[in-house]
Amino acid sequence: MTFRIQRRATLIGAAALLAATAVTPLLAQDKPVLRFSAVFSEQDIRAQMIKQFAEAIAGDFTLEPYYGGTLFKQGTELVALQRDILEMGNIAPQDISSQIPAWSVLTSAYLFRDAAHLRTFFDSDIGAEFKQMAEDQLGIHILGPTFFGTRQVGLRIDKEIRTPADMAGVKLRMPGGDAWQFLGMALGANPTPMAYAEVYTGLQTGAIDGQDNPLPNVENMKFYEVMSQIVLTSHLVGYDLLVIAKSKWDAMTPEQRERVQAAATAAIDFSQKAHLDREAELQKKFEDAGLKIYVPDVDAFRAHAQKMYLESDLAKDWPQGVVDRINAL
């Protein structure tokens, strides 16, 4: 009798254990995984932004971040989102413009005045039109613009730059893609496509004469170690877009969407302030490191760049009056 009772208790215990192990995966499945891909490094301020975002949505989702292009290489994240093999990404507007030509206006030099103007645009009616364009045509939902600093020209060569004419013949690294390459030409340079991870070596070996990035990126990637000067052209308010695949967004409940959007907005606010604060600090750091830093004739750069854009084929795809509408914000 004792044996039978013990055996029955053992069987009941085993059944309970099996039931518990069977429930665990089900509970895990109740919280969907969102993989996030970005080319920026884990030391980047934006990685802190993503950490904050992940913690805020942890009640609904598990966010898995992949930095440094380890999951998808630069420029391939958008296609991965469209193919539903990636849930979230840090997408450059230049990548969107390669599929939606009207978006190229949002990549043009000297369009946005500063980070506040950028945010005002994306919160406006015209910004909503562009976001809807991306959602309808690309199947992505834009949570907001992730400002990462104003782009400046950094050179390894010791040549004073005052106007775009001084940039003639300068091999300026730009990311791949027509919008990026045109931006390099609009600065008067000879644009050279090169992957972000290769820029340090490119500067070190002389394969390129310079690169354009915001000061926080120059620090994160240690480009200043292989540069001699920074020319404060302030030619582009640098930003990417925090994006989620539309299929994943549509699958959320209205309450989940509200929580995810609120978390994204708060994280983007944090990142924007941190980047602005860091930009203000870095000029002195780079000067102390021996770099020459100066402001060129920005009006000459602005006039040259805007003239090139308005006379280019790119402008033919821009919605009528779009530049005036953005300038009025």
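In this chain, numbering begins with 1 at the start of the sequence shown.
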>> Checking the side chain of Glu219 only, and the main-chain atoms of Leu282 only, is there a donor and an acceptor separated by less than 3.5 Å?
In response: no
> Donor-acceptor pair, Lys307 side chain versus Arg302 backbone, under 3.5 Å?
Replying inline: no
>> In the structure I gave you, are the side-chain heavy atoms of Lys316 and Asp313 within less than 4.5 Å of one another anywhere?
In response: yes
>> Any heavy-atom pair between the side chains of Gln152 and Asn213 that's under 4.5 Å?
In response: no
>> Tell me whether Arg278 is salt-bridged to Glu281, with the criterion being a basic N under 4.0 Å from an acidic carboxylate O.
In response: yes
> Taking the inter-plane angle between the rings of Phe112 and Tyr239 on a 0 to 90° scale, is it parallel (under 30°), tilted (30 to 60°) or perpendicular (over 60°)?
Replying inline: perpendicular
> If you measure from CE on Met174 to CH2 on Trp180, what distance do you get to the nearest 0.5 Å?
Replying inline: 6.0 Å
> Does any donor atom in the side chain of Gln261 or Thr265 lie under 3.5 Å from an acceptor atom in the other side chain?
Replying inline: yes
>> Surrounding NZ of Lys246 (heavy atoms of other residues, nucleotides or ligands, distance under 6.0 Å), is the total greater than 12?
In response: no
> Does a side-chain heavy-atom distance below 4.5 Å link Ile161 with Val153?
Replying inline: no
>> For residues Phe122 and Trp249: do they belong to one hydrophobic cluster (side chain heavy atoms under 4.5 Å, members Ile, Leu, Val, Met, Phe, Trp, Tyr)?
In response: no
> Side chains of Leu172 and Asp209: closer than 4.5 Å at any heavy-atom pair?
Replying inline: no
> So which heavy atom on Leu183 is nearest to which on Ala109, and how close?
Replying inline: CD1-CB, 3.7 Å
> Going by heavy atoms in the side chains, are Leu111 and Tyr309 under 4.5 Å from each other?
Replying inline: no
> How many angstroms lie between atom CD of Gln211 and atom CZ of Arg156, to the nearest 0.5 angstrom?
Replying inline: 12.5 Å
> Are Glu135 and Lys131 close enough for a salt bridge, meaning some N to O gap below 4.0 Å?
Replying inline: no
> How many angstroms lie between atom CD1 of Ile91 and atom CD1 of Ile244, to the nearest 0.5 angstrom?
Replying inline: 12.0 Å
> Where do Ile96 and Leu241 land on the side chain to side chain contact (heavy atoms under 4.5 Å, CB included) test, with the steps shown first?
Replying inline: CA-CA 10 Å; Ile96 293 178; Leu241 298 154; 3.5 Å; yes
> Is the backbone of Val295 close enough, under 3.5 Å, to the side chain of Arg162 for a donor and an acceptor to pair up by distance?
Replying inline: yes
> Does the side chain to side chain contact (heavy atoms under 4.5 Å, CB included) test come out yes or no for Leu232 and Val298, once each step is laid out?
Replying inline: CA-CA 8 Å; Leu232 299 174; Val298 174; over 6 Å; no
>> Quick check: closest heavy atoms across Arg257 and Asp250, and the distance to 0.1 Å?
In response: NH2-O, 3.2 Å
> Sub-3.5 Å donor-acceptor pair from the side chain of Asp166 to the main-chain atoms of Thr163, do we have one?
Replying inline: yes
>> Please determine whether the number of non-hydrogen atoms from other residues, nucleotides or ligands lying under 6.0 Å from atom CG of Asp178 exceeds 12.
In response: no
>> Assess whether a salt bridge exists between Asp288 and Lys285, defined as any Lys/Arg side-chain N lying under 4.0 Å from an Asp/Glu carboxylate O.
In response: no
>> What I want to find out is whether Lys248 reaches Asp84 closely enough, with some N-O distance under 4.0 Å, to be called a salt bridge.
In response: yes
>> Other residues, nucleotides and ligands only: do more than 12 of their heavy atoms fall within 6.0 Å of NZ on Lys292?
In response: yes
>> Is there a path of hydrophobic side-chain contacts, each under 4.5 Å between heavy atoms of I/L/V/M/F/W/Y residues, joining Leu310 to Phe182?
In response: yes
> Is Arg173 salt-bridged to Glu198, cutoff N-O under 4.0 Å?
Replying inline: no
> Which atom names give the shortest non-hydrogen contact between Ala189 and Val170, and what distance separates them?
Replying inline: CB-O, 3.6 Å
>> Could you check whether any side-chain N or O of Gln48 sits under 3.5 Å from a backbone N or O of Ile45, counting only pairs where one atom can act as donor and the other as acceptor?
In response: no
> Between Arg46 and Asp240, does a salt bridge (charged side-chain N to carboxylate O under 4.0 Å, His left out) hold up when you go through it step by step?
Replying inline: CA-CA 10 Å; Arg46 289 167 293 177; Asp240 289 320; 3.2 Å; yes
>> Using 0.5 Å steps for rounding, measure from the CG atom of Leu314 to the OG1 atom of Thr107.
In response: 7.0 Å
>> Using only atom types and a distance under 3.5 Å, with no angle test, would you say the side chain of Ser124 pairs donor to acceptor with the backbone of Gly127?
In response: yes
> Ignoring hydrogens and geometry, is there a side-chain-to-backbone donor-acceptor pair from Thr253 to Gln256 under 3.5 Å?
Replying inline: yes
> Has Arg35 got its NZ or CZ under 6.0 Å from the middle of the six-membered ring of Tyr66, at an angle within 45 degrees of the ring axis?
Replying inline: no
> Between CE of Met185 and CE of Met167, what distance do you get to the nearest 0.5 Å?
Replying inline: 13.0 Å
>> For a 4.5 angstrom cut-off between non-hydrogen side-chain atoms, does Phe36 reach Glu64?
In response: no
>> A side-chain contact here means heavy atoms from C-beta on lying under 4.5 Å apart; do Thr150 and Pro214 qualify?
In response: no
> Would you say Ile230 and Leu187 are hydrophobically clustered, going by side-chain heavy atoms of ILVMFWY under 4.5 Å?
Replying inline: yes
> Counting only heavy atoms not in Glu258, do more than 12 sit closer than 6.0 Å to its CD atom?
Replying inline: no
> Would Phe61 and Met252 satisfy side chain to side chain contact (heavy atoms under 4.5 Å, CB included), going step by step from the backbone distance to the final call?
Replying inline: CA-CA 10 Å; Phe61 303 96; Met252 295 181 190; 3.7 Å; yes
> Yes or no on side chain to side chain contact (heavy atoms under 4.5 Å, CB included) for Met88 and Leu34, after CA distance, side-chain angles and deciding distance?
Replying inline: CA-CA 6 Å; Met88 294 192 67; Leu34 300 176; 4.0 Å; yes
>> Using the ring pair (Phe, Tyr, Trp, His ring centres under 6.0 Å) definition, which of the options Tyr67, Phe148, Tyr196 pairs with Phe40?
In response: Tyr67
> Short question: side chain of Asn220, backbone of Pro216 - any donor-acceptor pair under 3.5 Å?
Replying inline: yes
> Of all heavy-atom pairs between Phe147 and Leu276, which one has the smallest distance, and what is that distance?
Replying inline: CE2-CD2, 3.7 Å
> Checking Tyr200 side chain against Glu225 main chain: does a donor-acceptor pair fall under 3.5 Å?
Replying inline: no
> Would a distance-only check, ignoring hydrogens and angles, find a side-chain to backbone donor-acceptor pair under 3.5 Å from His275 to Ser271?
Replying inline: yes
> How would you list, by chain and number, every residue that makes a ring pair (Phe, Tyr, Trp, His ring centres under 6.0 Å) with Phe286, sequence neighbours excluded?
Replying inline: Tyr224
>> Salt bridge check, Lys273 against Asp269: does any charged N sit closer than 4.0 Å to a carboxylate O?
In response: no
> To the nearest 0.5 Å, what is the distance between CD (Gln229) and CG (Leu155)?
Replying inline: 4.5 Å
> Between Pro193 and Gly176, what is the shortest heavy-atom contact and its length?
Replying inline: CB-CA, 4.2 Å
> Charged N to carboxylate O under 4.0 angstrom, Glu42 versus Lys51?
Replying inline: no
>> Is there a path of hydrophobic side-chain contacts, each under 4.5 Å between heavy atoms of I/L/V/M/F/W/Y residues, joining Leu138 to Leu143?
In response: no
>> Between Phe130 and Ile268, is there shared hydrophobic-cluster membership here, with clusters defined by ILVMFWY side-chain heavy atoms closer than 4.5 Å?
In response: no
> If every non-hydrogen atom of Ser37 is compared with every non-hydrogen atom of Glu77, which pair is closest and at what distance?
Replying inline: OG-CG, 3.7 Å
> Is a side-chain donor-acceptor pair under 3.5 Å present for Tyr294 with Glu160?
Replying inline: no
